[in-house]
Each structure stands twice: as C-alpha cells, then as structure tokens.
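In what follows, a single structure is set out as structure tokens and then discussed.
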2 protein chains.
Amino acid sequence: MTSIMDARRIEVLHAAAELLALKPASSLAEIASHAGIGKATLHRYFSSREDLMLALGYQALEMVSQAIQNAQLDQGSAIEALTRVAEALVPLGDKLHFLLNEPTVDTHPDFKAAENNTLEPLYQLVQRGQSSGELRSDLSPTWILYILNYALFATWQSVHEGDLARREAPAVLMTTLFKGIATR
Amino acid sequence: MTSIMDARRIEVLHAAAELLALKPASSLAEIASHAGIGKATLHRYFSSREDLMLALGYQALEMVSQAIQNAQLDQGSAIEALTRVAEALVPLGDKLHFLLNEPTVDTHPDFKAAENNTLEPLYQLVQRGQSSGELRSDLSPTWILYILNYALFATWQSVHEGDLARREAPAVLMTTLFKGIATR
DNA sequence: ATCAAGTGAGACCATTTTATCTCATTATTG
DNA sequence: CAATAATGAGATAAAATGGTCTCACTTGAT
C-alpha cells in the first residue's frame, strides 16, 4: 500500500523535477498536469508545496548518492574516481538543476546537513587526491567541491544551450577542471 | 528633474539587487521597504515588476561593461587582462547574482542581445589568448566564457558562505581557472 | 511664506496560487 | 461480482501579490 504509493510518488517527483528545470516558477496545477495526475492527487502525495520541494531535494540527494556509490570512489586514482562521478552526474542535470535556485530547499535546516552527509565521500576523495599529490594542496577541499559543483552546472547549461555536445561534455569538463583553461 | 530621478532610480536598483541576492523571491513591497521608500514611489520609478527586473538587468550589464573598460583588455598578456577583469568582477557579486536565476530577464528578447554585446570584448580577449598560445585552443571560446562565468559565481558564493577570504578570492579563482585543480 | 511637486502609508481591487472539499468515476481487491 | 479504495475534475475558500488610488505630509523652489 505505501510501497505502491512510494513508487508513484517517485514518478511524480521525476516529472516535477523535469518541469521545474524548464520553468522554475511552475504552479502546482502545472506540475500535476505535467505529471498526468489531478491537483487533488498531488496534494494527497505531498501535503504542501514545501513538502514537494523538500522531497524533490531529497530525491536529488538520493540520486547523487547512488552515483557516488556506483563510482566506487576508493578504486583507482583520485582523478579517475572523480572522472567516474562526473560522468555519472552530467546526465542527471535536469533532475538536479533546481537545487541551485530553489530557496525552499537550501534554507531548510535539516537539508543542509543531509547534503553535507551525502557529499562526505566526495570530500574524502578530494582529500585522498591531495594526499597522493594528484590534486593541488594549496586549495581547500571545500573550494574544490564548490568549483566542481559549479563546473557541473556550467556543463549542464552548456549542453542544454547546444554549445557543447553531450558526448564530449564530460571530457571537456574534466580537462577544464583538472588542467585549467591555460596552456600548461 | 529627470536627472535627480535617475539618480534615485539607481539607488533603488542597488538596494533591490542587494535584497534579491539574498531572497530572489522578494515581493515588491519588501523591495520597496528595503530600499527605504514606499510601494507607491517604487511604482512611480518602475511601472511594473518586469520593468524593474529589466532595469536591474541592464544596470548589471552596465557595471560589467564598466569593469571591462577599466580593465583595458588590450593591454598586456591575455591572462593578465583576464585577471584584471576577474578582480574587478568579484566584488560585484551581490549585484550580479540574480542574473543567473531570474527568468524575467534572460527570456526577454532584447536583453540576450545586449548581454552578448557587452560580453563581446571578453570573447575577443579569449580568442586573443588562444591565438597567442596562452589559452588552450581545444576549448571553444564560448565554453571558456561559460566556465569563467560559473567560476565567478562559485567564488561569490564561497566568499558569501565564509569558506573563502574576500582578499584571496580573486587569486584562488584565477589559479583554479588557469591551472586547474590537478597538480600539473 | 507660499505653492507646487514628490513622497509614504495604507486602503483597495484583481489576479494568481495554494490548499481543502465534494462527488462521480475508475481501479482494485477479496 | 461486490465492496472498498483511489482518482480526477472542478467548486470553493484563503492567502499572497501586483498594481491603482487617495490623502496627509514633507520638501524644495520661488
């Protein structure tokens, strides 16, 4: 009973994320319509807009978490591991895009903590890269994660805008991130 | 008469940009209040919300344009020139931040053109850097401008969040951008 | 000092959006 | 097949917001 509802909720969340990526100011009516359900049903799943947004946020975190697990961060060099995560994350742009803009989500107290929690493995990966000498040690891990995050957004936007081919996007992202834009 | 009103308008715009950077969904009442004026007066300056947002966008472009002119892009190496622009742009974070999220502004037809227009010198600077061999030629200038833009946002956010000292922000930004996060 | 212009506070209306509720219809389950 | 649960469409209320207007008050120019 709840399991089937959970499955349905997830479908709705994906539809919502998809629409919000295109139009961040979508109303609940639009979201329901885009998900192929009625307003009433949407409210049965998520009691308020904030509730929906929060669920959306946690779902996004869950997807990132999955990507991180699949990437097997402890295998191979730190750079290889980072590349694997990035490659897994780039296609998720649509579903993660709203995380940047939506104030509802990142002002919520618990959410920040959850976010830090799921990003923790990445943090440790960066530290491993610094210890092994692969990554610059004169940059703080926090800053490196920041720039990784925003570079991902740049990639998504660029692909969405048509300035960057989807196939080569991850490679361009990684070489830019690792080697920079200057010739050595 | 109009000149004094123009001056007042500009003050209001700065206050509005400041507030919107903190809370992108601010109502007109909040904006007016934060600017220290009444709702009615705000409407006397800007006849509608869209009007205000657009003025905000053009003001932001104007500030960027000024920064570009002051940076004397044709002087010295491309890297030096880029560094000068970035240093000028970093402190303007608050005023430019909303440019990323606000749909009102970047969907407007004329605005995109104006934006491309004021960014044109930067585009040429990047091309100069590629010709002189300072910047990688296997990256498209468009992509380089994208990543520069988002790296700036990362810097603003990072400074705002307290993770990066304002003084060293430009240097960190530029070395990350030019040399990347990997050890050569 | 006087007069005109501009301003602020808030009432007011129209519109949009969230949220609740009802009810007929459809699925589901036993 | 029958009973029960879930759904969709829409009516409705409640809240928020954009935009207009009035009016008393301040400011500044003459």
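Numbers restart at 1 for each chain; the letters A, B, ... are given by sequence-line order, proteins then strands.
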Does the side chain of A:Met53 come within less than 4.5 Å of A:Phe46's, by heavy atoms? no

So, A:Arg136 and B:Thr175: side-chain donor and acceptor under 3.5 Å apart, yes or no? yes

Rounded to 10 degrees, the angle between the two terminal axes of the helix from C:dA1-D:dT30 to C:dG30-D:dC1, each from five pairs: 30°

Of all residues at least two apart in sequence or in a different chain, which pass the salt bridge (Lys or Arg N to Asp or Glu O under 4.0 Å) check with B:Glu50? none

Nucleotide [N], atom [atom2] - distance to [atom1] of [X] in whole Å:
X	N	atom1	atom2	answer
A:Arg8	C:dA27	CZ	C1'	12 Å
B:Leu42	D:dG18	CG	P	10 Å
B:Ile31	D:dT17	CD1	P	11 Å

Interatomic spacing from CD1 in B:Ile181 to CD1 in A:Ile144 - rounded to 0.5 Å: 5.0 Å

Sequence neighbours left out, what pairs pass salt bridge (charged side-chain N to carboxylate O under 4.0 Å, His left out) with at least one residue falling in residues 107-130 of chain B? none

Quick one: ring pair (Phe, Tyr, Trp, His ring centres under 6.0 Å) partners of A:Phe111, sequence neighbours excluded? A:Tyr58

B:Trp156: partners by ring pair (Phe, Tyr, Trp, His ring centres under 6.0 Å), with sequence neighbours left out: B:Phe153

Quick one, give me the B/S/- string for nucleotides 13-23 of chain C, reading 5' to 3', where B means a protein heavy atom under 4.0 Å from the base and S means that only happens at the primed atoms, P, OP1 or OP2. -----SBBB--

Measuring to OP1 and OP2 of D:dA6, would you say a side-chain N or O of A:Tyr45 lies under 4.0 angstrom away? no

More than 12 heavy atoms of other residues, nucleotides or ligands under 6.0 Å from NE2 of A:His160: is that the case? no

